[in-house]
Amino acid sequence: MATVETNLTSSVHVEEHEHHEPQSFWRKYIFSEDHKTIAKQYLISGIFWAVIGISFSVIFRLQLGFPGIKLEFLRPILGHYLNESGNLDPDFYLALVTMHGTIMVFFVLTAGLSGTFSNFLIPLQVGARDMASGFLNMLSYWFFFLASVIMFASLFLESGPAAGGWVVYPPLSALPQAHKGSELGMTLWLVSMALFIVSQLLGGINYITTVINLRTRGMSFSKLPLTIWAFFLTAVLGLISFPVLLSAALLLIFDRSFGTSFYLSEIFINGEALPNVGGSPILFQHLFWFLGHPEVYIVMLPALGITSEIIAVNSRKPIFGYRAMIASMLGIAFLAFIVWAHHMFVTGMNPFLGSIFMFLTLIIAVPSAVKAFNYITTLWRGNLRFTPAMLFSIGLVSFFISGGVTGIILGNSALDIQLHDTYFVVAHFHLVMGASSAFGLLAGVYQWFPKMFGRMMNEKLGYIHFWFTFIGIYMVFFPMHYIGIAGFPRRYYAFTSYEFTKNVFSDLNSFVTIAAIITFSAQFLFLFNFIYSMFRGRRSPQNPWKANTLEWTAPINPGHGNWPGEIPAVYRWPYDYSKPGAKEDFIPQNVPYSQTPESNLPHENELIALEKEIEAQNFNDQFKQPH
């Protein structure tokens with residue numbers, strides 16, 4: 001009787017999902033509730049912001065590499081931000097640094113990476129028709145879009161955008177009269193970030209609810225792909241830490257606009273004493289870095305999850321240490337919340353407290369090392385296929401290791417005090433956070449482009465893009481370690497005031513700038529490949545990479561609902577590659593053990609008895625399969 005009810009419910013839902021009412025262009029592509037369309041919206045928005053953000057870095061790198069350079073050719077774009085001589089305005093230089101950091105960390109690596117692949121892959125890989133709430137999912141994108149519009153509008157203000165570093169420390173950011181970059185541009189920055197945080201919270205609630213409640217028949221937590229574990233833990237991190245940044249931003253707005261003194265005390269401007277008493281700018285640092293350090297893993301964990309999937313698929317081997325990988329992600333997620341004050345060793349912190357944060361910071365290297373070791377072991381003696389996605393994943397592992405080693409140096413408080421706010425820090429976090437996460441984003445695009453658009457990207461252009469980008473990033477950030485050790489400070493407009501600084505820094509800075517321009521130029525190969533392949537690329541086969549996860553069982557261009565018929569049940573974990581005795585070198589998750597007797601291990605033969613129970617599970621009720 002239960003089976004009859006299950007089949008009846010399934011047929012009703014199949015009919016519902018196969019016969020959606022026709023939707024207008026606006027409802028289908030703009031205000032869509034389909035998780036795949038929303039993922040594409042996040043991706044295209046993220047690519048747009050990446051071009052803007054990297055462009056800013058190239059402009060201020062020109063100033064650093066060639067101090068006093070005439071930028072008249074940029075006057076149509078920069079306008080009054082160039083002085084009469086054609087030099088970059090020093091105030092605008094700080095604004096460029098601020099906007100570059102904000103855009104890349106939040107709008108590209110948080111929204112562009114997690115927003116794209118959490119949205120796209122969670123329903124497809126757990127076996128759900130869509131997210132738990134399509135409406136909230138749509139709202140999450142449009143809050144992000146509104147935040148983007150406000151941030152973009154601040155670039156056109158006469159006083160300029162926010163300028164105070166992407167961390168916007170008070171008192172500079174709390175006093176509109178302090179300088180141009182603290183005026184309306186800073187207010188718009190704070191409003192934009194508040195809307196962005198709302199977007200991330202709406203998205204995170206959806207991701208967590210979908211993973212917990214909408215898994216298909218047989219999809220236990222022990223059978224989830226590592227991508228889903230990564231997206232799930234990322235959402236948990238964001239849900240706990242982003243509200244703290246929201247509170248920090250709101251208190252900063254109060255200080256700026258309503259005369260409060262949360263972060264201000266005993267301030268003098270132009271000899272005039274302000275009435276603010278009792279606040280502490282250090283409070284803002286605590287609140288900011290309570291989000292700021294989990295943010296490192298909010299952008300890293302999705303990239304690591306994507307890499308886990310791609311390395312396993314293209315090594316044609318099971319991922320090494322599946323449970324250890326999950327445990328390491330859980331360890332990273334937990335430790336991410338209790339190491340924030342290692343950003344604050346120079347704030348006058350009690351040395352004993354500093355030693356505790358130093359110890360915890362060094363401990364977080366252990367789960368990170370487990371992940372790196374497991375990637376290398378998965379690659380070891382694998383039947384490797386060097387697709388562009390695989391190359392970018394291996395590049396991520398390289399950056400994760402080389403950037404992580406310098407993190408151990410900075411985690412030591414005695415060394416950090418000397419290196420704090422030098423280019424050594426810039427080099428470290430750009431390698432371990434920026435470049436690694438960006439490579440995860442690019443690897444994901446190359447891997448799942450066929451499922452997104454039903455076409456293949458050009459592999460040769462992908463190879464050229466990888467090698468220019470991989471070598472270019474090391475050429476940009478490796479020399480920064482040396483000028484950082486030599487004492488070159490962050491956020492300085494020019495280093496030519498003293499003769500000794502000219503001799504130490506000029507050659508390497510020029511080299512870094514040239515490398516940055518070459519690396520930036522290579523990204524237009526990717527842009528061309530992406531846009532051209534979307535419309536004219538070779539049509540994709542059903543499962544081009546011969547992968548095991550559920551998304552490849554859906555049609556090449558899945559409609560809203562993902563599967564036209566019943567959602568496939570899951571019987572095995574997602575990493576059955578190159579199994580001894582198997583007819584092929586991959587066995588998809590939806591293939592029962594009863595169909596693969598030649599390759600079953602003894603304990604897997606015992607699982608055949610559970611197949612009927614899995615098939616009888618009614619996972620097609622209205623709550624489990626939203627439409």
Side-chain angles (χ1 to χ4, degrees), residues 91 94-95 97-99 101-102 105-106 110 143-144 146-151 153-155 157-202 238-295 337 340-341 343-350 353 421 491:
D91 281 342
L94 183 56
V97 174
T98 303
M99 297 305 288
T102 303
V105 170
F106 294 114
T110 302
F143 269 107
F144 164 58
L146 186 57
S148 299
V149 168
I150 292 172
M151 190 69 75
S154 74
L155 300 174
L157 295 174
E158 187 175 350
S159 58
W166 75 280
V167 292
V168 296
Y169 284 167
L172 189 64
S173 60
L175 298 169
Q177 67 270 42
H179 75 138
K180 284 184 180 178
S182 295
E183 294 178 18
L184 182 56
M186 184 64 71
T187 302
L188 291 183
W189 190 97
L190 291 166
V191 171
S192 172
M193 286 309 302
L195 293 169
F196 175 81
I197 291 166
V198 171
S199 158
Q200 294 306 298
L201 295 178
L202 289 173
L239 212 57
I240 297 172
S241 59
F242 266 117
V244 179
L245 180 62
L246 181 60
S247 66
L250 290 175
L251 295 182
L252 189 53
I253 290 171
F254 289 160
D255 275 10
R256 288 174 56 81
S257 305
F258 302 112
T260 58
S261 300
F262 292 105
Y263 307 129
L264 300 173
S265 184
E266 299 170 357
I267 302 290
F268 287 79
I269 292 186
N270 296 326
E272 178 193 350
L274 301 184
N276 306 86
V277 177
S280 170
I282 303 300
L283 170 62
F284 180 86
Q285 290 197 35
H286 279 293
L287 294 173
F288 181 90
W289 288 115
F290 191 83
L291 168 277
H293 197 80
E295 174 66 18
F337 284 108
W340 78 87
H343 297 269
M344 301 169 59
F345 285 145
V346 297
T347 59
M349 178 190 297
N350 183 304
L353 191 60
D421 266 350
R491 306 189 188 97

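Residues: numbered from 1 along the sequence shown.
By the side-chain contact (heavy atoms from CB on, under 4.5 Å) test, N270 is found to be paired with no residue, residues two or more places apart in sequence or in another chain being considered. Here S173 pairs with nothing under the side-chain hydrogen bond (donor to acceptor under 3.5 Å, both in side chains) rule; sequence neighbours left out. Every residue meeting the salt bridge (charged side-chain N to carboxylate O under 4.0 Å, His left out) condition with D421, not counting sequence neighbours, appears here in chain and number order: R490, R491. Shown here are the side-chain hydrogen bond (donor to acceptor under 3.5 Å, both in side chains) partners of S148, two or more places apart in sequence or in another chain: W49. With sequence neighbours excluded, the residues that form a side-chain hydrogen bond (donor to acceptor under 3.5 Å, both in side chains) with T110 are E295.
Put simply, the side chain of S192 gets close to the backbone of A147: a donor and an acceptor are under 3.5 Å apart.
The two atoms that bring S182 and A178 nearest to each other are OG-CB, 4.1 Å, heavy atoms only. Minimum interatomic distance between H293 and W340 (heavy atoms only, all atoms of both residues): CB-CA, 4.2 Å. Of all non-hydrogen atoms in P243 and G238, the two that sit nearest each other are CD-O, 3.8 Å. Minimum heavy-atom separation, V244 to L287: CG1-O, 3.5 Å. Considering all non-hydrogen atoms of both residues, M344 and M349 come closest at O-CE, 3.7 Å.
Atom OG1 of T98 and atom CE of M186 lie 6.5 Å apart (nearest 0.5 Å). Separating the CZ atom in F144 from the CZ atom in F196 is a distance of 6.5 Å, to the nearest 0.5 Å. Rounded to the nearest 0.5 angstrom, T347 OG1 and H286 NE2 are separated by 6.0 Å. One finds the CG atom of L239 at 10.0 Å from the CG atom of L202 (value rounded to the nearest 0.5 Å). Residue L245 holds its CG atom at 12.0 Å from CZ of F290, rounded to the nearest 0.5 Å. Atoms CG and CG, on L190 and L251 in that order, are 11.0 Å from each other to the nearest 0.5 Å.
No side-chain heavy atom of Q285 sits less than 4.5 Å from a side-chain heavy atom of H343. Side chains of L274 and L175 form a contact here, defined as non-hydrogen atoms less than 4.5 Å apart. Using a 4.5 Å cut-off on side-chain heavy atoms (C-beta onward), F288 and L252 make no contact.
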Item to complete: Apply side-chain contact (heavy atoms from CB on, under 4.5 Å) to W189 and M99, showing your working.
Response: CA-CA 9 Å; W189 190 97; M99 297 305 288; 4.3 Å; yes
Please tabulate, for the side chains in residues 259-268, all donor-acceptor contacts under 3.5 angstrom to protein atoms that are two or more places apart in sequence or on a different chain.
residue, atom, partner, partner atom, Å
T260, OG1, F254, O, 3.2
T260, OG1, D255, N, 3.1
T260, OG1, D255, OD1, 2.6
S261, OG, N276, ND2, 3.1
Y263, OH, A248, O, 3.1
S265, OG, G278, N, 3.1

Donor-acceptor contacts under 3.5 Å from residues 157-172 side chains, at least two apart:
residue, atom, partner, partner atom, Å
Y169, OH, W289, NE1, 2.6

